[in-house]
Amino acid sequence: MFSANRLAVDIDGSPSAYGVRDQGIEDVCNGLSALKPNECKGKAAAGACYQPCRSAFKAWHDAGHEPSKMKNYMASTGLGGSGGSPPVLVLQDGDRSDWFVSETSTKLKTGDLPAKWSDIAKQAAQVDPLAVPYFVIPGNFRKIAWDATPGDFGVIVAPQTKRSVRFLVGDTGGDLDEVSALLAAKLAGLDEAPTKEKKSALGEDVQRLKAPEFGTSDFRVAIFRHSGKYKGSLGSHKVLDQPSGDLVNWIDTEAGALLDKFGGVDKVLECTTAM
């Protein structure tokens, strides 16, 4: 258990996160950076590096937008890699072929047979942050003494607003302060993630996610270690053995039973302190 004084919104896993026309609900420059100028390569596309990123993306698009050629224009800061690596971009199947696959560390099973690498690389295997309340843990959080695991269940509580949301650990990365767009919306008292109109890198009107107003900066988090229900593992990925039907209801039921066994929301508050 721990406390946090801020929350960032994670959009990884959404089938509508990033598109070949920058038409996604997330600005493509939040996942890619320009190769030039050199000081922008692999860096967050903000300030002086933002417009070079948008220009590089437009140049790639206008040159035919082949995913394999993105490496000639941009470096990855989250989409198709990280840390300034050459982006490895995959397009979704069928009529979604103008959208990139956006992956999460936790995977959904996509059939009854054991999962294969080709299965978990598809968009259908990702945990959708617009439809599922999930929490993001840093990679080191998987080690002793914390030892949390993708797929574990948990709860986040905002004492001042009296709101709490049960969640799944759906992704890894960040600084222990990231949650899915739906979890953030629920903590703000909303049913879905809010958006606002912006201009894409191609100059088109698009809807982008905007951060909700939480009404507090005091959050308490409990993760129930090794509580996930797994179909299996592939490398560092956990493949969930989720039932058919309502995934959110399943998470709510599983996390709720664990929370009740622990002692409820009051026990979480008792065992944590505000930062």
Side-chain angles (χ1 to χ4, degrees), residues 6-92 97-105 117 121 123 126 129 136-143 171-181 195-211 235-237:
R6 63 178 296 274
L7 291 176
V9 177
D10 187 58
I11 197 60
D12 289 345
S14 169
S16 300
Y18 301 105
V20 299
R21 303 188 314 279
D22 187 28
Q23 76 270 30
I25 56 173
E26 182 72 287
D27 192 316
V28 76
C29 287
N30 286 335
L32 297 170
S33 65
L35 294 180
K36 297 179 181 180
N38 290 335
E39 57 267 25
C40 291
K41 180 183 177 182
K43 302 294 178 60
C49 289
Y50 183 63
Q51 194 54 50
C53 175
R54 288 167 69 86
S55 297
F57 185 86
K58 186 176 187 304
W60 166 80
H61 179 273
D62 292 348
H65 46 276
E66 289 289 334
S68 63
K69 295 182 180 178
M70 178 65 84
K71 63 184 178 182
N72 299 327
Y73 297 83
M74 311 191 80
S76 176
T77 59
L79 176 59
S82 62
S85 62
V88 180
L89 302 178
V90 178
L91 297 176
Q92 295 178 35
S97 61
D98 58 346
W99 295 90
F100 297 117
V101 172
S102 179
E103 294 196 53
T104 50
S105 298
W117 285 105
Q123 187 63 50
Q126 316 312 318
V136 183
I137 59 171
N140 286 337
F141 215 62
R142 301 191 64 180
K143 301 177 182 178
D171 205 6
T172 58
D175 297 314
L176 208 60
D177 62 357
E178 289 186 49
V179 299
S180 73
T195 62
K196 59 184 176 182
E197 189 171 280
K198 302 281 283 186
K199 289 288 185 183
S200 74
L202 305 186
E204 299 172 345
D205 291 330
V206 294
Q207 290 295 317
R208 300 281 201 230
L209 281 181
K210 67 176 183 179
S236 62
H237 301 294

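For clarity, every value in this text was computed on a predicted model and none was experimentally measured.
Residues Trp117 and His237 are in side-chain contact: their nearest non-hydrogen atoms beyond the backbone lie under 4.5 Å apart. At least one side-chain heavy atom of Leu202 sits under 4.5 Å from a side-chain heavy atom of His61. Between Ser200 and Gln23, every side-chain heavy-atom pair lies at or beyond the 4.5 Å cut-off. Between Leu35 and Tyr73, the closest side-chain pair of non-hydrogen atoms is not below 4.5 Å.
Checking Ser180 against Asp10 by side-chain atom types alone, no donor-acceptor pair falls below 3.5 Å. Looking at Tyr18 and Asp27, their side chains never bring a donor and an acceptor atom within 3.5 Å of each other.
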Check the pair Arg54 / Cys29 against side-chain contact (heavy atoms from CB on, under 4.5 Å), numbers first and verdict last.
CA-CA 7 Å; Arg54 288 167 69 86; Cys29 287; 3.8 Å; yes
Determine, step by step, whether Arg208 and Asp22 satisfy the salt bridge (Lys or Arg N to Asp or Glu O under 4.0 Å) criterion, reporting the C-alpha distance in whole Å, the side-chain angles of both residues, the deciding distance to 0.1 Å, and the verdict.
CA-CA 10 Å; Arg208 300 281 201 230; Asp22 187 28; 2.9 Å; yes
Evaluation steps, side-chain contact (heavy atoms from CB on, under 4.5 Å), between Phe57 and Met70
CA-CA 8 Å; Phe57 185 86; Met70 178 65 84; 4.0 Å; yes
side-chain contact (heavy atoms from CB on, under 4.5 Å) for Ile25 and Ile11? Distances and angles first, verdict last.
CA-CA 8 Å; Ile25 56 173; Ile11 197 60; 3.4 Å; yes
Steps toward side-chain contact (heavy atoms from CB on, under 4.5 Å) verdict (Trp60, Met74)
CA-CA 9 Å; Trp60 166 80; Met74 311 191 80; 5.6 Å; no
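For the pair Gln123 (side chain) and Ser102 (backbone), a donor-acceptor distance under 3.5 Å is present. A donor-acceptor distance shorter than 3.5 angstrom exists from the side chain of Ser33 to the backbone of Gly42, with no hydrogens or angles considered. Without hydrogens or angle criteria, Arg6 side chain to Glu178 main chain gives no donor-acceptor distance under 3.5 Å. Within the 3.5 Å criterion, the main-chain N or O of Gln51 finds a donor-acceptor partner in the side chain of Ser55. Within the 3.5 Å criterion, the main-chain N or O of Gly24 finds no donor-acceptor partner in the side chain of Trp99. Under the 3.5 Å distance criterion, the side-chain polar atoms of Asp171 are matched with a main-chain donor or acceptor of Ser105. A distance-only check finds a donor-acceptor pair linking the side chain of Thr77 to the backbone of Gly31 [under 3.5 Å]. Checking side-chain atoms of Glu26 against main-chain N and O of Ala17 turns up no donor-acceptor pair under 3.5 Å.
The SG atoms of Cys49 and Cys40 sit under 2.5 Å apart.
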